[in-house]
Amino acid sequence: MPLHLQSLQDFTREELTGFITRAIELKKERLDGVKHQQLAGKSVGLIFEKPSTRTRVSFEAAMYGLGGQVIFLSGRDTQLARSEPLKDMARVMSRYVDGMVVRTFGQNVVTELAAYSSVPVINALTDLHHPCQILSDVMTVIEKKGGIENQKIAWVGDGNNMANSWIQAAERIGFELILACPEGYDPDSEILKNVQEKAEKPIRLVRSPEEAVAAADVINVDVWASMGQEDEQEERLAIFQPYQVNDELMAKAPAGAIVLHCLPAHREEEITEKVLESDRCVAFDQAENKMHMHKAILEIMIGGREE
Ligand code: CP
Ligand code: NVA
């Protein structure tokens, strides 16, 4: 059975910090002009059923940067669009490529591809999780704050795929997390319950954004309507208004608190232009780190590390 990255729960603390340590090394090596070829002769298939700028391009750049190749398949161009079973897709793709990077709707798609694939399957976002993003975001926090174990991380807004992956990261890596979500928009209850039973540090859900940011070192914000929820956009605009990350909310946070946004951002909705463009927001460093993190993930999971 190959190793799959379906959610952060699939890995131990040591394995997760291994991805981060390697990503930091690879970032430095790129700055130093080191050329890599450890994935020469290998290829991955990118199967994307939802739009993407950062994740697609950073996975492609990562694979090329390590000497490998990618084959991009948009959902509508494969026979999946005509109901070919996932178990057939998984076995066919396994004969052609060394790994699959999948962005889709249901987490069950990733689970089923992984169950039938003889090559690693990597979750590049589902409705339930965005694990690779949170790994690069944790890397960004470590770079900015010198570590994450002693940081208080806040989540403000929708209890969505990003929130669920932050919850799993908090338990696995061991840091404090406080989420402020409006009633009815909580993170996945099973994921939350599961981690709260074993987490070393508090993982709390509150309603007040002010309470969440009051002692936060890091404030996370994401869109109010995720991909696939476009029909709810109008309704959500009103419900989430008190959760906007703006100057007023930032004034309630400690002076050194930084803001993370995985992008794309909807300015003047979940975050104001002013906060997004301020020195406190590290969204573009996060975006860069996705490429270094994806290199680390591909190298570790697809193989071929140069010693
Ligand atoms: N942050 C992120 O996943 O961006 P994309 O949707 O552009 O890939
Ligand atoms: N929660 C967002 C993240 C986008 C990268 C979405 O799923 O659309």
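Counting begins at 1 with the first residue of the sequence. Bear in mind that the values here come from a model prediction, so they are computed numbers and not experimental data. Whatever order the structure lists ligands and atoms in, that order sets their numbers, starting from 1. No hydrogens, no waters, no symmetry mates; every other heavy atom, side chains included, goes into these values.
- Checked against ring pair (Phe, Tyr, Trp, His ring centres under 6.0 Å), F240 has the following partners two or more places apart in sequence or in another chain: Y185, W224.
- How far CG of N150 is from CD of E176: 10.0 Å, rounded to the nearest 0.5 Å.
- The protein residues lying under 4.0 angstrom from ligand 1, judged by non-hydrogen atoms, are S52, T53, R54, T55, R103, H130, Q133, C262, L263, K290.
- No cation-pi contact links K152 to F175, judged by a cut-off of 6.0 Å to the six-membered ring centre and 45° from its axis.
- Checking only distances, R103 never comes within under 3.5 Å of ligand 2, N or O to N or O.
- When the ring pair (Phe, Tyr, Trp, His ring centres under 6.0 Å) test is applied to F72, the partners found at least two apart in sequence or on another chain are F48.
- When side chains are defined from C-beta on, Q9 counts as touching R172, because their heavy atoms get closer than 4.5 Å.
- Looking at residues two or more places apart in sequence or on another chain, you find a side-chain contact (heavy atoms from CB on, under 4.5 Å) between D10 and Q6, S7.
- Scanning the protein heavy atoms around atom 8 (O) of ligand 2, the nearest turns out to be M227 N, 2.8 Å.
- Using bins of under 30°, 30° to 60° and over 60° for the plane-to-plane angle, the ring pair F19/F11 lands in the perpendicular bin.
- In this structure, the side chain of S136 engages the main chain of Q133 through a donor-acceptor pair within 3.5 Å.
- The N/O atoms of H130, backbone and side chain alike, include none that comes under 3.5 Å of an N/O atom in ligand 2.
- Closest protein heavy atom to atom 3 (C) of ligand 2: D222 OD2, 3.7 Å.
- Here's the thing with N161: one of its N/O atoms is less than 3.5 angstrom from an N/O atom of ligand 2.
- No part of D127 comes within 4.0 Å of ligand 2, judged by heavy-atom distances.
- In this structure, K252 does not pair ionically with E211, as no charged nitrogen and carboxylate oxygen lie closer than 4.0 Å.
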